[in-house]
S.K.: 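Input: one structure, supplied below.
Below, chains carry the letters A, B, ... as their sequence lines are ordered, and counting in each starts from 1.
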Amino acid sequence: MLQLNIIKENPKGVTELLRIKNFDAEALVEEIMELDHRRRETQKKMDDGLAEANILAKEIGILFKSGKGEEAGALKERSAVLKKETQSLGIILEETKSALDEKLVLLPNLPHPSVPAGNSEEDNEVLVANEFKIKLHDDAVPHWELAKKYDIIDFDLGAKVTGAGFPFYKGKGARLQRALINFFLDEALEAGYSEYQPPLFVNEDSAYGTGNLPDKDGQMYHIGEDNLYAIPTAEIPITNIYRDVILGQDSLPIKNVAYSSCFRREAGSYGKDVRGLNRLHQFDKVEIVQICHPERSYDTLEEMRIYVASLLEKLELPYRILKLCGGDISFTSSLTYDFEVFSAAQKRWLEVSSVSNFEAFQSNRMKLRFRDEDNKTRLAHTLNGSALALPRIVAALLENNQSETGINIPKALRTYTGFDLIS
RNA sequence: GGAGAGGUGGCCGAGUGGUCGAAGGCGCACGCCUGGAAAGCGUGUAUGCGCCGAAAGCGCAUCAUGGGUUCGAAUCCCAUUCUCUCCGCCA
């Protein structure tokens, strides 16, 4: 949620910046300014009324104590009137506040000035392209066929037991999953992250905190009986640790890593994009989250970008890094780098990580603050990124490393898998 | 799932319906004292919103959360939630 102060200070600037995200904010900003004005006006009236009522109550108390109870009658009458007035003002205030909030959450985060304009993924800026040549033999096949051939992932079995998009990993396929998780976690620890194992379900407050509600309501699995949401990413529990928290001066930066299963309904997805491991309802991911001083957040973003790239290097996967354009960047992000690996048999790029700086957008909604050098409370900046999401990594590993004899495991993973070939 | 006890500032902990944002202690910060430190002494030490752009000041709200009773609620009532104890069930 965008900070009200930023909008009030420079409504035109906000509208201008949001054009880069192809968002027309003009009417919305105007409404917000108006609602804010009404809110302050109402609160002033109510506070004054309450102040008078407080004074009256004290006077009545004194009268009663000194045995002049009869004299309190008139004051009581006035008090009753004030109560009615302040109560109805209170209702108006609450209505105005929630109307203001409803409008505020509709505004996307401001893009960083470096974000290129654009409408779709075509306009993303390719920053790094590490496309070392992959030579596949003539009978090279996509990963879903390899999965069947070597009996390492069973989509049909998953469909029988649960539904489409919930595969079983078997034998060396299961061990490869476990190896990747451990590899990613160990690398993150090495890079100074603290490991968490989060709950896989969160409550409503947490889903709001990171902005998944009300935005992506239909995209999360929801347990109605207990009103809990299955997490689409570990970002939600890990970031919400700091909801309504004021961090001490020395606690920044916070670097957390968590492995979790992720659950996504992916309503509306279909076609060849969702074939095999390309898009699942349940998948595994290692997520990194940082909370840092506002002045450091872009350095931190670069640090995270380099870190994620190093993982792909170690896995010897051809990848590229995209700086997302205004039209493709998410609602909550100021600046996002997408990482894509090349899937040789499908001949297409698959997104495996998205590293974003949210600046104070999440913190503002979550009330995540810290004490700065002057001991004042300020909103911290939050960042996160996948490091990495497993399924598409597995897809690329299988396809790119297939040979006549089997699938070769990259060196960095062999100590984790305990085997160097799937055959 | 059943029964009971409880939730007060960063922490501990007091609080009879009235001047309680809340005693006292610990912690922390600053100052005095000291050659330096400890001890001791003194001062300060919540958050949000509003008056107003900032500071100072003032006002309002906040004692788990949300309602209610009352001129007045940390205190009384109701609901929710979380923690603890016992019983039941259980990896």
Side-chain angles (χ1 to χ4, degrees), chain A residues 1-14 32-101 103-104 197 199-209 223-229 237 240-252 254 261 360 363-380:
Chain A
M1 187 162 71
L2 218 49
Q3 288 158 267
L4 190 56
N5 275 341
I6 292 179
I7 301 168
K8 276 160 75 175
E9 272 165 28
N10 189 1
K12 286 223 169 88
V14 166
I32 285 168
M33 302 282 281
E34 204 178 292
L35 281 167
D36 176 58
H37 179 76
R38 199 190 309 165
R39 184 197 108 241
R40 297 205 322 270
E41 208 174 52
T42 313
Q43 177 162 356
K44 174 78 177 130
K45 269 192 212 160
M46 188 183 78
D47 282 0
D48 288 348
L50 287 171
E52 193 185 337
N54 282 344
I55 292 168
L56 281 179
K58 279 175 192 172
E59 282 173 2
I60 292 168
I62 292 167
L63 285 176
F64 269 107
K65 267 197 178 164
S66 53
K68 298 175 189 164
E70 330 76 62
E71 291 178 31
L75 298 183
K76 274 190 174 184
E77 259 174 54
R78 173 67 185 149
S79 199
V81 172
L82 279 172
K83 183 167 185 178
K84 268 196 182 153
E85 279 177 10
T86 52
Q87 259 180 352
S88 54
L89 282 170
I91 292 167
I92 296 172
L93 182 64
E94 281 315 306
E95 281 169 0
T96 314
K97 271 186 178 171
S98 50
L100 179 59
D101 245 24
K103 296 294 173 190
L104 269 174
Q197 201 172 96
L200 300 181
F201 297 90
V202 294
N203 58 30
E204 227 177 329
D205 286 347
S206 295
Y208 271 103
I223 301 179
E225 199 172 356
D226 299 297
N227 197 20
L228 294 174
Y229 292 86
N240 270 284
I241 295 171
Y242 307 97
R243 171 157 49 84
D244 284 317
V245 165
I246 301 175
L247 295 161
Q249 264 176 41
D250 307 325
S251 38
L252 298 180
I254 287 169
S261 292
S363 317
N364 187 38
R365 197 186 294 211
M366 267 195 298
K367 307 266 177 294
L368 195 186
R369 291 156 295 170
F370 73 102
R371 282 188 198 285
D372 70 5
E373 303 74 21
D374 303 324
N375 221 29
K376 293 245 167 76
T377 56
R378 284 176 69 182
L379 293 171

S.K.: Provide the distance between the two P atoms, one in B:U69 and one in B:G2, to the nearest whole Å.
M.R.: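 My reading of the P atoms in B:U69 and B:G2 gives 30 Å.
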S.K.: On RNA chain B, compare the nucleotides closest to A:Ala80 and A:Gln87; which residue's is nearer the 5' end?
M.R.: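 Between the two, 5'-proximity favours A:Gln87.
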S.K.: Go through the steps to decide whether A:Ile7 and A:Leu104 satisfy the test side chain to side chain contact (heavy atoms under 4.5 Å, CB included), and finish with yes or no.
M.R.: CA-CA 10 Å; A:Ile7 301 168; A:Leu104 269 174; 3.6 Å; yes
S.K.: Provide the Watson-Crick or G-U wobble partner of B:C58, both distances under 3.5 Å; none if there is no partner.
M.R.: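 By the stated definition (distances under 3.5 Å), B:G50 pairs with B:C58.
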S.K.: Which whole number of Å gives the distance between the C1' atom of B:A14 and that of B:C20?
M.R.: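 Looking at atom C1' only, B:A14 and B:C20 are 12 Å apart.
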S.K.: Tell me whether the OP1 or OP2 atom of B:G48 has a side-chain N or O from A:Arg369 closer than 4.0 Å.
M.R.: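 So the side-chain polar atoms of A:Arg369 do come within 4.0 Å of the phosphate oxygens OP1 or OP2 of B:G48, strictly under.
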S.K.: Distance check needed: B:G53 C1' versus A:His37 NE2, whole Å only.
M.R.: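 The distance from NE2 of A:His37 to C1' of B:G53 comes to 17 Å, rounded to the nearest Å.
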S.K.: What pairs meet the salt bridge (charged side-chain N to carboxylate O under 4.0 Å, His left out) rule with one or both residues in residues 43-62 of chain A, with sequence neighbours excluded?
M.R.: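 Applying salt bridge (charged side-chain N to carboxylate O under 4.0 Å, His left out) to every pair that reaches into residues 43-62 of chain A, excluding sequence neighbours, yields A:Lys44-A:Asp48, A:Glu52-A:Arg78.
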S.K.: Output yes when at least one side-chain N/O atom of A:Arg371 is less than 4.0 Å from OP1 or OP2 of B:U47, else no.
M.R.: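 So the side-chain polar atoms of A:Arg371 do come within 4.0 Å of the phosphate oxygens OP1 or OP2 of B:U47, strictly under.
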S.K.: To the nearest Å, give me how far apart NZ (A:Lys76) and P (B:U69) are.
M.R.: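 Taking NZ of A:Lys76 and P of B:U69, I get 15 Å after rounding.
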S.K.: Could you tell me how far apart A:Ile62 (CD1) and B:G18 (P) are, to the nearest whole angstrom?
M.R.: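 Going from A:Ile62 (CD1) to B:G18 (P), I get 14 Å.
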S.K.: Please give the nucleotide sitting opposite B:G36 as a Watson-Crick or G-U wobble pair, both distances under 3.5 Å, or none.
M.R.: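 Pairing partner: none.
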S.K.: Rounded to whole angstrom, note down the C1' distance from B:A73 over to B:A61.
M.R.: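 Those two atoms are separated by 14 Å.
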S.K.: Using the P atom in both, what is the distance from B:A64 to B:U8, to the nearest Å?
M.R.: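 So the two P atoms sit 7 Å from each other.
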S.K.: With rounding to whole Å, what would you report as the distance between B:U75 and B:G17 at their P atoms?
M.R.: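 Pairwise P distance, B:U75 against B:G17, rounds to 11 Å.
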S.K.: Quick one: closest heavy-atom pair of A:Thr86 and A:Leu50, and the distance?
M.R.: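 Nearest heavy atoms, A:Thr86 then A:Leu50: CG2-N, 3.7 Å.
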S.K.: Starting the side chain at C-beta, find the nucleotide from B:U47, B:G59, B:U70 nearest to A:Ile246.
M.R.: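 Selected nucleotide (nearest to the side chain): B:U47.
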S.K.: Let me have a per-nucleotide readout for nucleotides 61-66 of chain B, 5' to 3', with B, S or -, counting only protein heavy atoms under 4.0 Å.
M.R.: S-----
S.K.: Looking at B:C71, I'd like to know if its phosphate oxygens (OP1 or OP2) sit under 4.0 Å from a side-chain N or O belonging to A:Arg78.
M.R.: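 False: A:Arg78 side-chain N/O out of range (4.0 Å or more) of B:C71 OP1/OP2.
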S.K.: Does any nucleotide pair with B:U43 by Watson-Crick or G-U wobble geometry, both distances under 3.5 Å, and what is it?
M.R.: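 Per the H-bond distance test, B:A29.
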S.K.: Tell which nucleotide pairs with B:G21, taking only Watson-Crick or G-U wobble pairs whose two distances are both under 3.5 angstrom.
M.R.: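 Pairing partner: none.
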S.K.: Under 4.0 Å between a side-chain N/O of A:Arg39 and OP1 or OP2 of B:G50, yes or no?
M.R.: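 So the side-chain polar atoms of A:Arg39 do come within 4.0 Å of the phosphate oxygens OP1 or OP2 of B:G50, strictly under.
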S.K.: Just compare B:A55, B:G50, B:G72 and give me whichever is closest to any side-chain atom of A:Lys376.
M.R.: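 Out of B:A55, B:G50, B:G72, the nucleotide with an atom closest to A:Lys376's side chain is B:A55.
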S.K.: Scan every strand shown for a Watson-Crick or G-U wobble partner of B:A64, both distances under 3.5 Å, and answer none if you come up empty.
M.R.: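 B:U80 - that is the nucleotide pairing with B:A64, both distances being under 3.5 Å.
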S.K.: Between A:Asp101 and A:Ser98, is any side-chain donor less than 3.5 angstrom from a side-chain acceptor?
M.R.: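 Their side chains do not contain a donor-acceptor pair, so the 3.5 Å distance test is not met.
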S.K.: For B:U85, which nucleotide is its Watson-Crick or G-U wobble mate, given both distances must be under 3.5 Å?
M.R.: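 With both distances under 3.5 Å, B:U85 matches B:A3.
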S.K.: Using atom C1' in both nucleotides, what's the gap between B:G40 and B:U34 to the nearest angstrom?
M.R.: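 Result for the C1' pair: 12 Å, nearest Å.
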S.K.: Between the side chain of A:Thr96 and the main-chain N/O of A:Ile92, is any donor-acceptor distance below 3.5 Å?
M.R.: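 Looks like yes, one N/O pair under 3.5 Å.
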S.K.: Using Watson-Crick or G-U wobble geometry with both distances under 3.5 Å, which nucleotide pairs with B:A73?
M.R.: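 Partner of B:A73: none.
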S.K.: Are A:Thr377 and B:G48 close enough that a side-chain N or O sits under 4.0 Å from OP1 or OP2?
M.R.: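 For A:Thr377, the contact criterion (side-chain N or O under 4.0 Å from OP1 or OP2 of B:G48) is met.
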S.K.: At their closest point, which heavy atom of A:Leu4 faces which heavy atom of A:Ile32, and how far apart are they?
M.R.: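 Minimum heavy-atom contact is CD1-CG2, 3.7 Å.
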S.K.: Using purine N1 to pyrimidine N3 plus N6-O4 or O6-N4 for Watson-Crick, or N1-O2 and O6-N3 for G-U wobble, each under 3.5 Å, what pairs with B:A91?
M.R.: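 B:A91 is unpaired by these criteria.
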S.K.: Between A:Arg243 and A:Ser206, do the side chains contain an N or O donor and an N or O acceptor separated by less than 3.5 Å?
M.R.: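 A:Ser206 and A:Arg243 do have a side-chain donor-acceptor pair below 3.5 Å.
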S.K.: Work out how far the C1' atom of B:A22 is from that of B:C12, and round it to whole angstrom.
M.R.: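 My reading of the C1' atoms in B:A22 and B:C12 gives 15 Å.
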S.K.: Between NZ of A:Lys97 and CD of A:Gln43, what distance do you get to the nearest 0.5 Å?
M.R.: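 Reported to 0.5 Å precision, the distance equals 6.0 Å.
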S.K.: Atom CG of A:Leu368 and atom P of B:G48: how far apart are they, to the nearest Å?
M.R.: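 About 13 Å, once rounded to whole Å.
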S.K.: A:Lys44 has an atom NZ; how far is it from atom P of B:C60, in whole Å?
M.R.: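 Interatomic distance, NZ of A:Lys44 to P of B:C60: 10 Å.
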S.K.: Just jot down the salt bridge (charged side-chain N to carboxylate O under 4.0 Å, His left out) partners of A:Arg39, sequence neighbours excluded, or say none.
M.R.: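 Listed in chain order: A:Asp36.
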S.K.: For A:Lys83 and B:G72, give me the distance from atom NZ to atom C1', rounded to whole Å.
M.R.: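 Result: 9 Å.
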S.K.: Of the nucleotides B:U19, B:G59, B:C71, which one has an atom closest to the side chain of A:Ser79?
M.R.: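 Nucleotide nearest to A:Ser79's side chain: B:C71.
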S.K.: Measuring only the P atom in each nucleotide, how far is B:C78 from B:A5? A whole number of Å is fine.
M.R.: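 So the two P atoms sit 13 Å from each other.
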S.K.: Is the phosphate of B:C60 approached by A:Lys45 (side-chain N or O, under 4.0 Å from OP1 or OP2)?
M.R.: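 No, A:Lys45 has no side-chain N/O under 4.0 Å of OP1/OP2 on B:C60.
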S.K.: Does A:Leu4 or A:Asp48 map to a spot on RNA chain B nearer the 5' end, using the closest nucleotide for each?
M.R.: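 The 5'-side residue here is A:Leu4.
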S.K.: When the distance from NZ of A:Lys8 to C1' of B:G53 is rounded to whole Å, what number comes out?
M.R.: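 For the pair A:Lys8 NZ and B:G53 C1', the rounded distance is 10 Å.
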S.K.: Can you tell me how far C1' of B:G17 sits from CD1 of A:Ile60, to the nearest Å?
M.R.: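 Atom CD1 in A:Ile60 sits about 14 Å away from atom C1' in B:G17.
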S.K.: Taking A:Asn364 for the side chain and A:Met1 for the main chain, is one N or O donor matched with an acceptor at less than 3.5 Å?
M.R.: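 Yes, because the side chain of A:Asn364 sits within donor-acceptor range (under 3.5 Å) of the backbone of A:Met1.
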